[in-house]
Engineer: 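My questions will all concern the structure given below.
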Amino acid sequence: MNTGNTVHTARFIPARWLVGALAAAAVLLFALPLLGLLARAPWRDLGAVLAEPAVHRAMGLSLVSSLAATGCALVFGLPLAVWLASGNSALRTAARLVALLPLVLPPVVAGVALLLAFGRNGLLGGVVQTLFGASLPYTTAATVLAAAYMGMPFFVLSAEAGLRSFDRRHVAVAATLGAGPWRRFRTVTVPMVLPALRSGALLCWARALGEFCATQMFAGNVDGVTRTMPLACGLAMEGDPAVAIVLSLVLAATSLAALTLLRHGLPGGRP
Amino acid sequence: MSLVLRGAFARGPLALDLDLAIATGETLALVGPNGAGKSSCVQLLAGLLRLQRGELRLHDAVLDAPAAGVFVPPEARGIGWLPQDGLLFPHLSVRDNVAYGRRARGDAAPVARAAADAALARVGLAGFGDRRPQQVSGGEAQRVALARALAREPRVLLLDEPLSAVDASARVALRHELQRALATFAGPRLLVTHDPLDAFALADRIAVVEQGRVVQAGTAAAIGASPRSRFVADLVGLNFLRGHAHDGVFTAGSGGRLVVASPIEGPAFATVHPRALALFTSRPSGSPRNVWQATVAAVEATPSGRRVRFDGELPLVAEVTAAAVAELGIAVGRSLWLALKATEVQVAEA
């Protein structure tokens, strides 16, 4: 069925030189910024910059908050995806719209909205403040919340697609073989949609790792508490570009690794 | 009677109102046109669909009775289901597929795996345990699915069109395997099929389902003798002979011989469509390989014409139009010539 490798005498590309030139321009658009990073990187001071305590704190905080956001996606996003995939209703359509909105929402709007909901005087934040005297903004928890808000939709989107497309008759077979609902979910549903869950989790984590604007608006920019790598990078750009470039390099390399993993699977593993 | 379903279920254009009973140790074939509700019936029995009215009983236990608020979920029914296309779990090895039911039952992994290997050996797939489902052929996949259904020792066996997704070359071997599995399985057995040959070869009794209802049930001979609808006449009203095939000749148990176009050797079944038999008042000329003389034993009216039953070493039924009966002067006791092409005789290994 694979016709992709077949040589057809009828060319599918019109005006080959024009297409080639425009495609090359597009590749340049994406490649030049990366080349800029590589060209201006302070390779000799790399070790020294990476050893700076502030950089360490930012990297640690980014790792923790992005992983925690991915954890949130698994704990809350998977049940949401299961519910969304389990039928069709107006309520599901509305819930899906709300849950997927951050995919297209300008991050600055997300920051403002998070503040209005969970801030000191926010819808929920105000209640929590009066009841427990605790507040979310300017804490690491706020960083996690912002990252989860921006990253989780990727997981929900991918997980629901996976749950909707796998052949559920396998679950019926498992039932006739004596497996109860939990066992069926654990031993049939999850393994069968694992590729979708894995890529969703990876996209969620990558988005959470890069979260900048909503975090700054909602969690603030406190060294060691909410200053993740992107925030540290943005700040450093104004005073110490070398640090900014090194942080950017690390983030870019991580993103590239995540994308490679997504497209080609784990090395040695099945795709 | 052991498995008894008397109930109704409706969804969309499909409205089922079924009355079925399968005895312990009996194989019932459920035949009917596409969309008649055969698969839904299987799903009702397995607990994958709920009855909306009526009752399903297995032995003395009620499995589904909406009026009484009883519904036993599929995992607690012990009803083995062999789906049409096997549906092996793609993420598990063949061995772990077969061991699945044992694991669900609480058997330890080594015990379940040993039982799985034994079950695989019984369907002729010893040594297949380590393969992935993607690495076995369609026929092998069905045998793995059969082993998987049997390994957990179900009380009822449901085979849902088990041969339809298998290519012709693997069908004979798989039919053999199913026949053995059905013969050695102690509980009630249901075989859904649209192939009359499978129904004849594998089942003790046949129930014909049309538009959600059982329109006729009984042994193949009883149904074939008086089909109640065009569909039944076409599908179940086939002539069915048990006998022996050797060197292109099928010898019926009753003694008659037919030249056939099949390489099958040994014990065999043969089916002949009633309309494939041509009747003549004098010996026909031409090419048919089988020409013989027989006496009319009975003439029956059916919705699609007249069925003419013949006595003798080849007890066959021919279907002709009412006009032909008049034209040929067909009547009980009359001797006629019959002609049958070798290619019109379907032969399968017994």
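Lettering follows sequence order; numbering is per chain, from 1. None of the values given here were measured: they were computed from a predicted structure.
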Engineer: Which bit of B:R77 is near chain A, if near means a heavy-atom gap under 4.5 Å: side chain, backbone, both or neither?
Structural biologist: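 For B:R77, there is no contact with chain A at all, as no heavy atom is under 4.5 Å.
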Engineer: Could you give the distance from CG (B:L48) to CZ (A:R168), rounded to the nearest 0.5 Å?
Structural biologist: 14.0 Å
Engineer: At a heavy-atom separation under 4.5 Å, does B:R148 approach chain A through its side chain, its backbone, both, or neither?
Structural biologist: both
Engineer: Taking CZ in A:R186 as the centre, count heavy atoms belonging to other residues, nucleotides or ligands within less than 6.0 Å. Is the count above 12?
Structural biologist: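 For A:R186, atom CZ is crowded (more than 12 foreign heavy atoms under 6.0 Å).
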Engineer: Hey, what do you get for CG (B:L87) to OG1 (A:T176), rounding to the nearest 0.5 Å?
Structural biologist: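 Reported to 0.5 Å precision, the distance equals 9.5 Å.
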Engineer: Chain A heavy atoms under 4.5 Å from B:L88: which part of the residue, side chain, backbone, both or neither?
Structural biologist: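 Only the backbone of B:L88 comes within 4.5 Å of chain A.
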Engineer: If you draw a 6.0 Å radius around CZ in B:R53, do more than 12 non-hydrogen atoms from other residues or ligands fall strictly inside?
Structural biologist: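 For B:R53, atom CZ is not crowded (no more than 12 foreign heavy atoms under 6.0 Å).
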Engineer: Give a yes or no on whether B:D167 atom CG has more than 12 heavy-atom contacts from other residues, nucleotides or ligands under 6.0 Å away.
Structural biologist: yes
Engineer: Taking every heavy-atom pair that is under 4.5 Å apart, which of B:D85, B:L158, B:L82 has the most such pairs with chain A?
Structural biologist: B:D85
Engineer: Quick one: pull up CZ in B:F89 and OG1 in A:T187 and give me the separation to the nearest 0.5 Å.
Structural biologist: 7.0 Å
Engineer: Less than 4.5 Å to any heavy atom of chain A: does that hold for the side chain of B:A149, its backbone, both, or neither?
Structural biologist: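 Backbone of B:A149 only, per the 4.5 Å heavy-atom cut-off to chain A.
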Engineer: Check this for me: B:F71, atom CZ, are more than 12 non-hydrogen atoms of other residues, nucleotides or ligands nearer than 6.0 Å?
Structural biologist: yes
Engineer: Give the minimum heavy-atom separation between A:H170 and B:P90, together with the two atoms involved.
Structural biologist: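 Closest approach of A:H170 to B:P90: NE2-CD, 4.0 Å.
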Engineer: Are the side chain of B:H91 and the backbone N or O of A:V193 linked by a donor-acceptor pair below 3.5 Å?
Structural biologist: no
Engineer: Hey, what do you get for CH2 (B:W81) to CZ (A:R169), rounding to the nearest 0.5 Å?
Structural biologist: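 It comes to 7.0 Å.
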Engineer: Answer yes when A:R183 and B:E75 have at least one side-chain N-carboxylate O distance shorter than 4.0 Å, and no when they do not.
Structural biologist: no
Engineer: What pairs meet the side-chain hydrogen bond (donor to acceptor under 3.5 Å, both in side chains) rule with one or both residues in residues 60-82 of chain A, with sequence neighbours excluded?
Structural biologist: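 Only A:S66-A:W205 qualify under side-chain hydrogen bond (donor to acceptor under 3.5 Å, both in side chains).
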